[in-house]
Amino acid sequence: MLKFHNSLSNKLEEFIPVEDKKVKMYVCGPTVYDKAHLGHARCYITWDVLYRYLKFLGYNTTYCRNVTDVDDKILKKADMQGVSPEDITKEFYASFENSMKGLNCLKPDVEPRATKTIGEMIAMVKKLIDNGFAYPVDGDVYFEVEKYKKYGQLSKQPIDDLMAGARVDTDEKKKSPLDFALWKKDEKHGYKSPWGLGRPGWHIECSAMSKKFLGDSIDIHAGGADLTFPHHENELAQSECANGCKFVNYWLHNGFVTINKEKMSKSLNNFLTIDDLLKKYDSNAIRFFILTNHYRMPVEFNDEALNSAAAGAKRLIGAACGYNKTDEVDEESVNAFKLAMDDDLNTSKALAVLFAVADKVKKASDEKEARLYASTLITLGEVLGFDFSLAKKEVCESELREMILPLYKTFEIDENICANEAIEKIISIRKAARDNKDWAKSDLIRDEFDKCGILLKDSKEGTTWQVK
RNA sequence: GGCGGCAUAGCCAAGUGGUAAGGCAGGAGCCUGCAAAGCUUUCACCCCCAGUUCGAAUCUGGGUGCCGCCUCCA
């Protein structure tokens with residue numbers, strides 16, 4: 001039985017979708033004004049795994065992840081650099097997409113852009129005014145928190161406490177300091193609206209995009225724990241007051257990545273970008289690192305942890321090397337995997353199941369059995385988003401040739417011979433040396449390969465090689 | 001101040017009442033000319049104190065330490 005920890009009830013709940021076998025999930029996407037970092041990686045890997053798992057279970061899943069491309073930070077950056085907001089969002093959306101691809105995250109079914117959903121946002125704000133939950137002032141429109149008695153239900157913040165703790169707001173236009181902007185006056189970058197030129201508040205963007213692409217009531221709304229308040233609290237208030245029905249059944253929140261025990265974030269300027277990490281580690285290593293922890297727990301980043309994850313991932317993925325995915329899987333392993341994942345996505349336990357399967361591949365009594373377990377390993381590993389093609393680390397001819405170019409000269413190999421053959425040829429030269437017990441020469445050749453990024457593996461059956 | 005979370009081996013981490021999954025590193029061994037890779041094997045009584053119980057890492061109370069949210073943030 002699939003269960004999730006619902007932030008709304010703060011309890012583990014059985015997952016029952018609104019429509020049988022159909023799931024609508026929404027994840028708060030990036031504000032595209034800067035490069036994505038490891039914290040984002042954690043969030044999007046976590047929900048990518050949820051998406052993959054729901055599909056694996058046979059749910060017809062619609063995954064919607066927005067792109068926030070109207071925002072103060074974007075405008076500020078654009079103004080500072082003297083370029084248009086579109087220049088900024090175009091650059092960083094491309095960068096984000098690239099990072100997601102690098103992490104082997106599946107593309108969501110829908111990736112709406114805030115700028116393309118302005119009409120729906122205006123309609124929603126209008127509706128909130130009509131329903132008596134919002135009021136316009138001087139080109140702005142605010143949501144009146146007092147009017148919605150359940151406000152604070154998600155973040156578990158009693159309204160009175162919020163009120164008491166609220167900062168003294170210099171904005172005299174608001175009726176209460178807790179009221180938040182649905183629409184902000186903006187004569188420079190604004191859009192036409194019934195209240196004059198302006199732009200939407202951040203919260204209404206998600207409410208409107210979720211409504212437009214998934215409907216008034218959805219199954220899952222997920223995001224980083226820092227979005228719980230005020231973002232999700234406000235979305236919840238707006239959507240329920242505008243639509244008059246339950247907005248989200250399951251609210252899921254992932255924990256943070258910390259570095260030196262502090263939350264990794266742009267404002268603390270202690271972040272590592274996904275791009276930079278991918279230069280040093282492959283996507284499997286990063287995923288393994290993220291997935292060894294339960295998604296709601298904090299993850300402390302350090303190089304040792306990531307190196308250890310890289311070693312683990314390499315061994316796990318490597319166990320399926322040389323095998324393919326088939327339709328046949330070991331049901332017992334699949335059930336153990338499901339048992340782990342059903343329990344609020346216990347990926348740590350799921351990884352232990354994968355290691356057990358990897359072990360069975362090695363200990364299989366015959367080829368057929370090995371194939372079955374390897375196929376199981378790949379099937380389940382892919383549910384966690386591992387990329388098994390990385391096990392072989394295949395490089396194309398031209399790339400390989402480029403790598404071993406120095407060896408052609410050293411060993412006087414004919415330039416017309418392809419890289420694979422050239423390698424085999426050099427290995428046979430080495431074998432001859434080894435047969436003659438010329439260990440110095442043998443070791444020299446091994447070192448030459450090593451310098452070119454090629455690892456030689458000696459065994460009883462002979463010498464094989466692989467790209468490091 | 002309000003709200004929420006965490007504390008398990010050298011490191012990462014699962015486990016929420018029945019005697020500690022898994023990964024990394026380390027040790028030992030196999031293999032090897034030597035290595036590397038691979039394989040086999042080994043490695044903890046769970047922050048402290050008190051309580052409940054036949055039995056607690058797991059429940060209750062009290063400490064101590066750490067983190068997050070309450071402002072933009074995944």
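Order of the sequence lines sets the chain letters (A, B, ...), proteins ahead of strands, with each chain counted from 1.
Side-chain N/O atoms of A/R296 include none lying less than 4.0 angstrom from OP1 or OP2 on B/G5. At the phosphate of B/U40, OP1 or OP2 sits under 4.0 Å from a side-chain N or O atom of A/K363.
A salt bridge is defined here as a Lys NZ or Arg NE, NH1 or NH2 lying under 4.0 Å from an Asp or Glu carboxylate O, and A/D186 with A/R199 meets this definition. Salt-bridge formation is detected for the pair A/D48/A/R52: a Lys NZ or Arg NE/NH1/NH2 atom is positioned less than 4.0 Å from an Asp or Glu carboxylate oxygen. Ionic pairing of A/K24 and A/D109 is not present here: no N-O contact between side-chain nitrogen and carboxylate oxygen is shorter than 4.0 angstrom. In summary, A/K76 and A/D79 do not engage in a salt bridge, as defined by a charged side-chain N under 4.0 Å from a carboxylate O. The pair A/K35-A/D276 does not count as a salt bridge, with every side-chain nitrogen at least 4.0 angstrom from each carboxylate oxygen. Electrostatic pairing of A/K279 and A/D275 does not count as a salt bridge here, judged by no charged N lying under 4.0 Å from a carboxylate O. Taking a cutoff of 4.0 Å between a charged side-chain nitrogen and a carboxylate oxygen, A/K107 and A/E97 qualify as a salt bridge. Between A/D71 and A/K73, at least one side-chain nitrogen of the basic residue sits less than 4.0 Å from a carboxylate oxygen of the acidic one, meeting the salt-bridge criterion.
In this structure a side-chain-to-backbone donor-acceptor pair under 3.5 Å is present from A/N104 to A/G385. Judged by distance alone, the side chain of A/N284 and the main-chain N or O of A/D387 form a donor-acceptor pair under 3.5 Å.
Of all nucleotides listed (B/C72, B/A74, B/C39), B/C39 comes nearest to the side chain of A/K362. The A/P230 side chain lies nearest to B/C72 when the options are B/A36, B/C72, B/G23. Of the candidate nucleotides B/U71, B/A74, B/C66, B/C66 has the atom nearest to the side chain of A/K261. For A/E262, taking side-chain heavy atoms from C-beta onward, the closest of the listed nucleotides B/G68, B/A74, B/U40 is B/G68. Here B/U40 is the nucleotide among B/G10, B/G68, B/U40 with the atom lying nearest to any side-chain atom of A/D359.
At whole-Å resolution of the value, CG in A/L306 and P in B/C11 are 18 Å apart. Look at CZ on A/R430: it is 11 Å from P on B/G33, rounded to the nearest Å. As a whole-Å value, the separation of A/H253 NE2 from B/C67 P is 23 Å. Atom-to-atom, CG of A/N302 to C1' of B/C12 comes out at 8 Å; the value is rounded to the nearest Å. One interatomic measurement links the two molecules: CG of A/L316 to C1' of B/G38, which rounds to 16 Å at whole-angstrom precision. Between the CZ atom of A/F301 and the C1' atom of B/C11 there is a distance of 14 Å, given to the nearest Å. Summarising the geometry, the separation between CD on A/E233 and P on B/G2 is reported as 19 Å, rounded to the nearest angstrom. Separating the CG atom of A/L456 from the P atom of B/U32 is a distance of 18 Å, rounded to the nearest angstrom.
Under the Watson-Crick and G-U wobble criteria, each requiring two contacts below 3.5 Å, nucleotide B/C31 is left unpaired. Judged by Watson-Crick or G-U wobble contacts below 3.5 Å, the nucleotide B/C46 has no partner. When Watson-Crick and G-U wobble pairs are counted only if both distances are under 3.5 Å, B/G17 pairs with no nucleotide at all. Across every strand in view, B/C6 sits in a pair with B/G65 that passes the Watson-Crick or G-U test at under 3.5 angstrom. Partner assigned to B/A36 is none, using Watson-Crick or G-U wobble distances below 3.5 angstrom. Under the Watson-Crick or G-U wobble criterion, with both distances below 3.5 Å, B/A74 has no partner in any strand shown.
A/F288 comes within 4.0 angstrom of the backbone, heavy atoms only, and of no base. The residue A/K156 sits close only to the backbone: its heavy atoms come under 4.0 Å of sugar-phosphate atoms, none of a base. When heavy atoms are screened at a 4.0 angstrom cut-off, A/A311 is found touching the sugar-phosphate backbone but no base atom. Counting any heavy atom pair closer than 4.0 Å across all strands shown, A/M297 reaches sugar-phosphate atoms only and no base atom. Within 4.0 Å of A/F229, counting heavy atoms only, lie sugar-phosphate atoms of the nucleic acid but no base atom. Nucleic acid contact class of A/G255 (heavy atoms, under 4.0 Å, all strands): base. Using a 4.0 Å heavy-atom criterion, one finds that A/N293 contacts the sugar-phosphate atoms exclusively. Among the heavy atoms of the strands lying under 4.0 Å from A/V257 is at least one base atom, whether or not backbone atoms are also near. A/K263 comes within 4.0 angstrom of a nucleotide base, judged by non-hydrogen atoms across all strands. Among the protein residues, A/G223 comes within range of the sugar-phosphate backbone only, with heavy atoms under 4.0 Å from sugar or phosphate atoms but none that close to a base.
Proximity of residues 332-356 of chain A to RNA chain B (heavy atom under 4.0 angstrom from any strand atom) is restricted to A/N346, A/S348, A/K349, A/A352, A/F355. Residues of residues 439-452 of chain A having a heavy atom closer than 4.0 Å to RNA chain B, listed by number: A/W439, A/S442, A/D443, A/R446.
Here the separation of B/A25 from B/U64, taken at their P atoms, is 39 Å to the nearest Å. Taking atom C1' on both B/C3 and B/A13, the two are 27 Å apart, rounded to the nearest angstrom. Taking the C1' atom of each, B/C45 and B/G4 are spaced 31 Å apart, rounded to whole Å. The C1' atoms of B/C39 and B/C31 are separated by 8 Å, rounded to the nearest whole Å. Rounded to a whole angstrom, the distance from the C1' atom of B/A9 to that of B/U71 is 41 Å. Comparing B/A56 with B/C46, their P atoms sit 12 Å apart, to the nearest whole Å. Distance noted for atom C1' between B/A57 and B/A44: 12 Å (whole Å). Distance check on atom C1': B/A35 versus B/U42 gives 23 Å, rounded to whole Å.
Of the two residues near RNA chain B, A/L227 and A/K314, the one whose nearest nucleotide lies more 5' is A/K314.
Within 3.5 Å, no donor on the side chain of A/N307 pairs with an acceptor on the base of B/A25, nor the reverse. Under 3.5 Å, the side chain of A/R434 and the base of B/G33 form at least one donor-acceptor pair of N or O atoms.
Checked by atom type, the side-chain pair A/Y26/A/E235 shows no donor-acceptor distance below 3.5 Å. A donor atom on one side chain and an acceptor atom on the other are not found under 3.5 Å apart for A/D72 and A/Y33.
A perpendicular orientation is assigned to the rings of A/F4 and A/Y250, their planes being inclined by more than 60° (bins at 30° and 60°).
A cation-pi arrangement is absent between A/R42 and A/F301, since the terminal nitrogen or guanidinium carbon is not both under 6.0 Å from the aromatic centre and inside a 45° cone about the axis.
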